[in-house]
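A, B, ... follow the sequence lines: proteins, then strands. Residue 1 opens every chain. Every heavy atom of this structure was used, including side-chain atoms; hydrogens, water molecules and symmetry mates were not.
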Amino acid sequence: GYMSALKDEL
Amino acid sequence: MNIFRFAGDMTHLISILVLLLKIYATKSCAGISLKTQELYALVFVTRYLDLFTDFISVYNSVMKVVFILTSSAIVWCMRRHRIVKRSYDQALDTFRHLFLVLGCLVLALIVHDKFTFQEVFWAFSIYLEAVAILPQLVLLQRSGNVDNLTGQYVFFLGAYRAFYILNWIYRYLTEQHFRLWISCISGLVQTALYADFFYYYYISWKNNSKLQLPS
């Protein structure tokens with residue numbers, strides 16, 4: 001999804 | 001992890017430590033918005049619901065725990081600490097932050113990745129973080145004078161935002177599947193909110209004078 005790329009950030 | 005994101009995480013951490021230092025050293029929370037601090041605590045708790053379900057790295061997990069604990073500690077001090085709570089500017093801290101929470105919740109229910117408990121709250125935390133600084137900026141505006149540590153706190157928080165945007169640009173250019181959309185827009189909104197503050201911070205720094213915001 002378009003948001004999952006940021007899941008590795010805080 | 002790239003250097004921009006690491007610098008962003010560190011300035012974020014420093015901003016929280018500066019705030020804790022101010023409260024600890026001066027036993028005062030004058031000039032600090034409890035509403036903003038409550039919103040940040042809510043941001044961390046709702047974003048890190050994945051702490052026990054998805055492991056990314058030791059660094060990530062430790063930082064998540066640190067952010068939840070430090071933001072809760074600040075809220076606890078401002079509400080419950082016998083001496084600290086006396087200096088809280090309740091009369092100036094009147095921003096209706098519940099409306100921000102409700103607005104972000106509605107937006108998260110409409111715009112999210114998947115309609116699951118974790119995903120909706122993750123989106124909610126992204127939106128809420130973008131606007132959580134508003135009560136603090138309003139409080140600074142109203143009180144006019146800003147003490148050094150409070151000024152530095154907001155400065156480091158703004159630096160964190162700037163580094164994260166550089167991080168996203170870097171990732172956008174280097175990672176094939178990195179697309180930002182909504183998160184980038186919320187990030188830009190959040191950073192733009194600081195622009196005004198940064199202007200006055202720069203002026204006071206240049207003139208080597210006390211930070212004063214226009215009323």
Side-chain angles (χ1 to χ4, degrees), chain A, chain B residues 1-2 4-6 8-10 12-13 16 43-44 47-51 53-57 59-68 108 111-116 118-120 122-127 129 160 163-164 167-168 171-172 175-187:
Chain A
Y2 51 83
M3 282 175 163
S4 53
L6 294 165
K7 292 283 163 64
D8 59 350
E9 296 183 351
L10 290 168
Chain B
M1 182 159 70
N2 60 66
F4 302 114
R5 193 203 133 182
F6 184 68
D9 287 347
M10 288 304 113
H12 195 184
L13 190 60
I16 295 170
V43 163
F44 292 135
R47 184 170 310 164
Y48 302 151
L49 288 171
D50 63 355
L51 192 54
T53 56
D54 299 281
F55 178 79
I56 294 157
S57 65
Y59 172 83
N60 266 40
S61 298
V62 169
M63 291 292 272
K64 286 174 179 180
V65 172
V66 168
F67 283 147
I68 291 173
V111 186
H112 49 254
D113 223 14
K114 283 181 234 117
F115 192 65
T116 63
Q118 270 193 11
E119 289 289 338
V120 169
W122 189 87
F124 166 77
S125 80
I126 292 288
Y127 305 141
E129 191 190 359
Y160 145 64
F163 279 124
Y164 252 68
N167 157 51
W168 290 339
R171 292 187 69 177
Y172 183 83
E175 289 174 36
Q176 251 179 351
H177 299 291
F178 190 76
R179 293 293 178 270
L180 303 162
W181 310 116
I182 286 113
S183 303
C184 182
I185 293 165
S186 344

Interchain contact, B:Asn167 with chain A, by part (heavy-atom threshold 4.5 Å):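 B:Asn167 touches chain A through side-chain heavy atoms alone.
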Contact class of B:Asp9 relative to chain A, heavy atoms under 4.5 angstrom: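 When you check distances to chain A, only side chain atoms of B:Asp9 fall under 4.5 Å.
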Spatial distance of atom NZ (A:Lys7) from atom CD (B:Gln118) [nearest 0.5 Å]: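 If we round to the nearest 0.5 Å, A:Lys7:NZ and B:Gln118:CD are 8.0 Å apart.
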For B:Arg5 against A:Asp8, the heavy-atom pair lying closest together: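 Scanning both residues, the minimum pair turns out to be NH1-O, 2.9 Å.
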Heavy-atom check, side chain of A:Leu10 versus side chain of B:Phe44, under 4.5 Å: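 In short, these two side chains do not touch, never coming nearer than 4.5 Å.
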Atom CZ of B:Phe55: over 12 foreign heavy atoms under 6.0 Å: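 Correct, the count exceeds 12.
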